[in-house]
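Both ligands and their constituent atoms are indexed starting at 1 by order of listing.
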Amino acid sequence: MMKKNDMIYVTRPMIPPRDKFHQMCDEIFDSEWLTNMGEKHNKLEDNLKSFLDVDNILLFNNGTNALLTALKAMDLPYGSEVITTPFTFAATTHVIEWNGLKPVFADICQDRMVLTVESIEKNITPDTSAILAVHVYGFPCDVVGIERLAKKYNLKVIYDGAHAFNTKILGKSISKWGDITMLSFHATKLFNTIEGGALISNCKATHEKIKDLRNFGFQNEVTVSDIGINGKMNEIQAAVGLLNLEILDDEIAGRIYINQLYRDNLSCIREITIPNIDDNTSNSHQYFPILVENKRDELYEFLKKNGVYARKYFYPLCSEFAPYSKLESSSVDNLPIATEMSRQVICLPYYGRLVEDDQLNKVITLIKDFFR
Ligand SMILES: Cc1ncc(COP(=O)(O)O)c(C=O)c1O
C-alpha cells in the first residue's frame, strides 16, 4: 500500500467511510448500471437540489465540462466577447476559447478579489455577449451590480462557482443570481465526487437544453437536437458524493475551527492581511487565502522547505498564460489590482484533518517564525 506523504498540502479530500463505499460499489456492480443517469446519480441530484435549495441542478463528470456546456447553452454569437476575470484557474478562460468566443479580461477589487462592476463596464463593447464571473474562494461577486449591467447591456451572466459550494447571500443560494452557475466537485474542493461538477440554472428551458447538451445533444433515442458533449457523471462518482454529503457538516465544522485559529494567531502579523467577507454572506470554506506584502514568495519557499505546500492561487494570472498574454485586455494597465493581488496571495492549508498530528500548529508556528 502506498504510504501517506508527510507533506502538509493546501487541502486533503474528504474520504467517505470505506465500508459504506464498498457496499455501494457492490450495489452498483450488481445492478450492472455504471453510468448514464443511474440510481445513485439521480439520488445525488435530488439530494443536492434540497441541500443547496435550488430548483434546477444537473450533475456533470467535471466542472470544466459543465462550464463548457453552460456557455454553449447560452447560444452566444460566434466570436463575440465574454468579459471575465484573470484571477482564476485556467479552466475559466479556456472554456471561452473552446466555445469559439473571445475572452476579455477586466480587473478585480482588493478586498474580495472578484470582478468590479466598473471594470466590467469599461470593457464592454458592441461585441460583448456575456459576463463569466468567478466567485473566487467562494467570495461572492457583486451579483446585484452585475445583474444591473446585464440588463442595461443585454448580456448573459454565467458564474463560475467552482469554489462557492453552498455559499449563501442573506440565506439564499448564490446560484439564484445569473443565468447559470457552475460548481466543481473535484477532489480538491470542499465537497468532492473525486471528479465532478454541476450546473444550476434559473430557467426551465435552459435546464432542459443543458440536459440534452450533457448527453451528446440526444433529446430522445433517435433525435439529436444540438451539438452536445459527454458530460455525464458515473455511478461511482455519485456514490462518493452521496457519502461525502453525509460527512460534510463535520468537515465544515473542522474548517470553521481552523479558520478561527488562523485568525487568532496571524492577524497580529503586520505584513499579513486576511480577507473578510460581508456579514450577510456565508463562507464556503473552500480556501484560506492571505495577502502578504513583499515577502510572499520567500514565505512560500520557506514553508515548502519545511514540509508545508501552500499554493499561490492565483499566480500567474490567466492573462499571463501564453495563449492569452497578447490580448489587448491582458495589459497590466487594464489589470493593476489583479496583478498586485496575484503577487501577494497565498492559500494556506485548509482541511478538517489539519488539526490532527499537530499539523495546524506546525503551519502557524512556521509562519510566526518567518515574520519574527
Ligand atoms: C475557479 C475554477 N474554475 C473551474 C475549475 C475546473 O473545475 P474541474 O476541476 O472540476 O474541472 C476549477 C478547479 O478545479 C476552478 O478552481
Side-chain angles (χ1 to χ4, degrees), residues 9-14 44 48 57-72 82-99 101 103 105-106 108 112-115 130-141 157-167 174-175 178 180-200 210 214 229-234 236-238 240-241 244 275 284-289 310-321 324 338 341-342 345-347 350-351:
Y9 291 104
V10 72
T11 192
R12 280 218 157 113
M14 270 202 294
L44 180 62
L48 283 174
I57 183 164
L58 290 162
L59 301 181
F60 275 77
N61 44 19
N62 61 57
T64 305
N65 276 340
L67 205 51
L68 266 179
T69 308
L71 281 180
K72 180 83 180 158
V82 177
I83 298 185
T84 192
T85 170
F87 193 80
T88 181
F89 186 63
T92 316
T93 321
H94 290 343
V95 299
I96 299 174
E97 283 280 351
W98 273 58
N99 268 285
L101 303 161
F105 296 110
I108 60 174
R112 281 177 293 143
M113 292 169 267
V114 293
L115 283 173
I131 300 166
L132 173 49
V134 181
H135 303 303
V136 73
Y137 313 125
F139 297 171
C141 296
V157 179
I158 300 106
Y159 284 111
D160 177 337
H163 307 164
F165 183 79
N166 206 23
T167 296
I174 197 158
S175 62
I180 305 178
T181 298
M182 178 278 265
L183 303 177
S184 165
F185 306 149
H186 183 259
T188 51
K189 300 298 184 287
L190 170 74
F191 168 75
N192 86 79
T193 57
I194 305 178
E195 292 270 2
L199 290 182
I200 300 171
I210 294 170
R214 178 179 68 169
I229 198 169
N230 181 357
K232 294 172 274 110
M233 177 182 279
N234 70 49
I236 300 288
Q237 289 174 290
V240 171
N244 274 344
S284 71
H285 294 290
Q286 172 60 55
Y287 288 113
F288 194 90
R311 296 299 301 267
K312 300 183 207 174
Y313 295 142
F314 285 96
Y315 170 85
L317 296 171
C318 289
S319 49
E320 294 172 291
F321 292 144
Y324 308 114
M341 295 297 97
S342 76
V345 77
I346 186 162
C347 288
Y350 198 44
Y351 50 91

Which heavy atom of the protein is the closest neighbour of [atom], given with residue, atom name and distance?
atom: atom 3 (N) of ligand 1; value: Asp160 OD2, 2.7 Å
atom: atom 12 (C) of ligand 1; value: Phe89 CD2, 3.5 Å
atom: atom 14 (O) of ligand 1; value: Lys189 NZ, 2.8 Å

- Region of Thr64 that comes within reach of ligand 1 [heavy atoms, distance under 4.0 Å]: both

- Item | Proximity of Glu195 to ligand 1 by residue part, where a heavy atom lies under 4.0 Å | neither

Close-contact set for ligand 1 against [X] heavy atoms, below 4.0 Å:
X: Gly196; value: 10 (O)
X: His163; value: 1 (C), 15 (C), 16 (O)
X: Thr92; value: 3 (N)
X: Gly63; value: 7 (O), 8 (P), 10 (O), 11 (O)
X: Ser184; value: 7 (O), 8 (P), 10 (O)

- Query: Quick one: does Asp160's side chain have a donor or acceptor within less than 3.5 Å of a partner on Leu132's backbone?
  - Reply: no

- Item | Main-chain N/O of Gly231 paired with Asn65 side-chain donor or acceptor, under 3.5 Å | no

- Query: Which distance, rounded to the nearest 0.5 Å, do you find between the OG1 of Thr93 and the CH2 of Trp98?
  - Reply: 14.0 Å

- Message: Between ligand 1 and Thr88, is the shortest N or O to N or O distance under 3.5 Å?
- Response: no

- Query: Can an N or O of Phe314 be found at a distance shorter than 3.5 Å from an N or O of ligand 1?
  - Reply: no

- Message: If we check ring pair (Phe, Tyr, Trp, His ring centres under 6.0 Å) with Tyr287, which of these qualifies: Phe139, Tyr313, Phe89?
- Response: Tyr313

Going by the angle between their ring planes, with limits at 30° and 60°, are [X] and [Y] parallel, tilted or perpendicular?
X: Phe185; Y: Phe191; result: perpendicular
X: Phe314; Y: His163; result: parallel
X: His135; Y: Tyr159; result: parallel

- Which atom of His186 lies closest to which atom of Thr188, heavy atoms considered: ND1-OG1, 2.7 Å

